[in-house]
> 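One structure coming up, written as C-alpha cells, with questions to follow.
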Amino acid sequence: MPVTNYGAGADTSRFQLRYYNETAWGETPGVDGVAGPAPTFTEMRATGESLTMNESTVQSEEIRSDRSITDLVRTGFEASGDTNYEVSFGSYDDFFQGALFSTWSNAVDFGPASVSIVDATTNSQIIDDGASGAFSGFTAGQWIRVSGLTAASEDGYYRIISVDGADTITVAPQLTAVTNDAAVSVKSSGILRNGTTAHSFSIEKEFADVTQFFLYQGMMVSAMEMNFAAEEILGGAFTFMGKTSVNGGATYGDGTPTAAASTQVMNSVNHLSNLRESGTVLSDNDTFLRSMSISLDNGLRGQKAIGDAGNVGVGLGRCNVTGTIEMYFIDGALYGKFIAETEISFDWRIVDTAGNAYIFTMPRVKLTSPTIAAGAADEDVIASFEFQALRDPVTGATLQIDRIPA
C-alpha cells in the first residue's frame, strides 16, 4: 500500500512548466472572467526556473516615539523570471518568436524535382526546370538544405544570395555546373528575423506532488541567452516580463496538455559545426573556439498606472544583441579587424543526430574589448572578444534563425 506524507514539501523532480500562446495580452481563457473554455497548454522542457511575482513596497514614513514602523504598503507588482533550457529542435520555436518579436516565415519544401545548376562567378544558380514558381517563397539571406544532387558530396546547406524570379535562386557556396539533376529537393521550414511582432504567453507552473499550480499571464520574452562551450550541452535561458500571477489547486488549462517535443538535446561536440566568420569556417584556418555566448535584450519595461497594482502594459525597447567568444590564440587576424573597425559576420549551425538543424546568422558584427594575455604558467593563451551585432541593411536583420527539419 503506498505511503503518504513521506516528505517535508514539494520536490523539483515533480515540477512541470506549460504555456499557452495568448491572443490578447495578459488574458487566459477561463481565468479572471475572460471568456472561453480553458485552453490547451503545451508542455515546456526546462532545466529550472525562477518565475515569480515581484512586489514593490514602501515603508510608512510615520514617525513614532517608540521608533516603530507602522506599516509596509504594497505599491505594485509584476510577474517575471527566467526559464532555463537545453537546446533541442522544435522545443522553443514559439519562444524564439517571442524573443525576436517576429514570426516564422518563408517555409518551402520543394521537390524531388528536376533542376538545372548554372555556375556564376562566385555563386551558383538553381533553376526549377518545371517552372512551378516554388522558389518565390524564399528570400535573400535565407539558408536551405539541398539534397539529391548528382554530385552527392555537394548535398548540404546553402545560403541564398538572391531570388531571381519565381523559379531561380542564386546560392553560396558555389555548386558544380550540372544540367538537369532529376531528383533534387530544397527544404526550409522558415526563418526568423528580429522585428516588431509581439507574442505573449500564459505560463503555468505545476508542483504535482503538492497539487499546486501557478499561472503567470502576459509573459513576454524580455531577454534570451544562449551559451556554447567545449564539452557542454548547448543551453541558455529566456527571461520573461509579464502582467500578473494567480495560484490555485487545479490546472488553469483543460487538463490535456500537448506533449513537448521529444527531440534530442544538442551539445557542442557532435552537433555544433561550421562556425563561420565572414563566410570562412574558423576551424579551416586552425582557429578553434573554446566558448561562445549570445545575449539578446529587448529592453522591455513594465508600464504602471494609478488604480492598478500590476503592469497595465509592456513597453518595447530596442533589440540589443551582444556576445562573447573565446578562442585559442593562434594569430592576430581578428585583433587586426578589431583595430581597423572592420565589420564581420558570424553564422553557425547546430544539427542533431536525426538531421534537424538550426542555423544562426548575425550578418553584421563589430568586435569590442579584446583580451589576449598570458594569465599564468602552464596555461593556454586564450583570445577573447566581446561583440555587438548590428542591423544588416540588406536583410534588415540583426539576428536571424533558420530552421530546417530532417
Side-chain angles (χ1 to χ4, degrees), residues 46-50 81-88 99 222-239 265-299 318-352 358-390 392 398-401:
T47 61
E49 55 84 27
S50 60
D82 296 347
T83 62
N84 305 319
Y85 67 92
E86 296 172 337
V87 178
S88 56
S222 176
M224 178 178 73
E225 300 283 340
M226 189 169 290
N227 302 305
F228 309 87
E231 299 184 306
E232 297 286 345
I233 288 173
L234 304 179
F238 296 103
T239 299
V265 171
M266 299 182 185
N267 62 59
S268 62
V269 179
N270 301 322
H271 305 135
L272 175 63
S273 65
N274 283 75
L275 177 57
R276 304 194 314 166
E277 181 265 307
S278 302
T280 299
V281 178
L282 286 172
S283 59
D284 288 350
N285 293 330
D286 293 327
T287 300
F288 298 98
L289 261 66
R290 190 170 71 172
S291 70
M292 181 175 186
S293 66
I294 298 182
S295 174
L296 183 155
D297 187 349
N298 286 312
R318 294 180 293 175
C319 177
N320 186 20
V321 181
T322 58
T324 61
I325 55 173
E326 290 185 326
M327 61 187 68
Y328 294 98
F329 181 59
I330 188 171
D331 61 35
L334 275 184
Y335 190 81
K337 292 181 179 181
F338 159 74
I339 293 295
E341 294 188 279
T342 302
E343 293 183 358
I344 64 174
S345 65
F346 282 128
D347 62 76
W348 65 96
R349 64 176 180 257
I350 48 178
V351 187
D352 66 18
Y358 288 117
I359 303 177
F360 296 82
T361 304
M362 291 179 289
R364 184 173 168 232
V365 172
K366 282 191 174 181
L367 297 169
T368 64
S369 304
T371 300
I372 304 172
D378 305 322
E379 292 183 353
D380 297 306
V381 177
I382 300 297
S384 67
F385 294 85
E386 296 178 8
F387 61 80
Q388 172 81 57
L390 302 166
D392 173 39
T398 302
L399 174 64
Q400 173 179 308
I401 305 176

> Restricting to non-hydrogen atoms, name the atom on G279 and the atom on S345 that form the minimum distance, rounded to 0.1 Å.
N-OG, 4.1 Å

> Which residues pass the ring-ring contact (aromatic ring centres under 6.0 Å, His included) test with F288, sequence neighbours left out?
none

> Are S268 and E231 packed together at the side-chain level, in the sense that at least one heavy-atom pair is separated by less than 4.5 angstrom?
no

> Run the numbers on E232 and N227 for side-chain contact (heavy atoms from CB on, under 4.5 Å), then give the verdict.
CA-CA 9 Å; E232 297 286 345; N227 302 305; over 6 Å; no

> State, without any angle test, whether N320 and Q388 hold a side-chain donor-acceptor pair at a distance under 3.5 Å.
yes

> So do D392 and Q400 actually touch side chain to side chain, heavy atoms under 4.5 Å?
no

> Can you tell me how far apart CD1 (I350) and CG (L275) are? Round to the nearest 0.5 Å.
12.0 Å

> Might you work through the side-chain contact (heavy atoms from CB on, under 4.5 Å) test for D352 and S88, ending with a clear yes or no?
CA-CA 8 Å; D352 66 18; S88 56; over 6 Å; no

> Between S295 and T322, is there a donor-acceptor pair closer than 3.5 Å when you use the side chain of the first and the backbone of the second?
no

> For N84 and A237, which heavy atoms make the closest approach, and how far apart are they?
OD1-CB, 3.4 Å

> Minimum heavy-atom separation for Y85 and M226, please, with both atom names.
OH-CE, 3.3 Å

> Using atom types as modelled, flag every donor-acceptor pair under 3.5 Å from a side chain in residues 365-380 to any protein atom, sequence neighbours excluded.
unit_1, atom_1, unit_2, atom_2, d
T368, OG1, E386, O, 3.3

> Quick one: CG on N274 to CG on L282, what's the gap to the nearest 0.5 Å?
10.5 Å

> Of the non-hydrogen atoms in I330 and D286, which two are nearest, and what is the gap between them?
CD1-O, 3.4 Å

> Please determine, by modelled atom types, if E326 and S291 share a side-chain donor-acceptor pair under 3.5 angstrom.
yes

> How about L334 and M327: do any of their side-chain heavy atoms sit closer than 4.5 Å?
yes

> Is there a donor-acceptor contact under 3.5 Å linking the side chains of T324 and S293?
yes

> Listed by chain and number, what are the salt bridge (charged side-chain N to carboxylate O under 4.0 Å, His left out) partners of D347, not counting sequence neighbours?
R276

> Please examine the side chains of M266 and F228, heavy atoms only from C-beta on, and report whether any two atoms are closer than 4.5 Å.
no

> Nearest 0.5 Å, please: how far is CG in L234 from CG in N267?
6.5 Å

> Any donor-acceptor pair under 3.5 Å linking the side chain of S222 with the backbone of T239?
no

> So I294 and M362, side-chain contact (heavy atoms from CB on, under 4.5 Å) or not? Walk me through it.
CA-CA 11 Å; I294 298 182; M362 291 179 289; 4.1 Å; yes

> Are the side chain of S50 and the backbone N or O of D82 linked by a donor-acceptor pair below 3.5 Å?
yes

> Using 30° and 60° as the class boundaries, would you call the ring planes of F360 and W348 parallel, tilted or perpendicular?
parallel

> Between N285 (side chain only) and T287 (backbone N and O only), is there a donor and an acceptor less than 3.5 Å apart?
no

> Might you work through the side-chain contact (heavy atoms from CB on, under 4.5 Å) test for I325 and F346, ending with a clear yes or no?
CA-CA 11 Å; I325 55 173; F346 282 128; 3.8 Å; yes

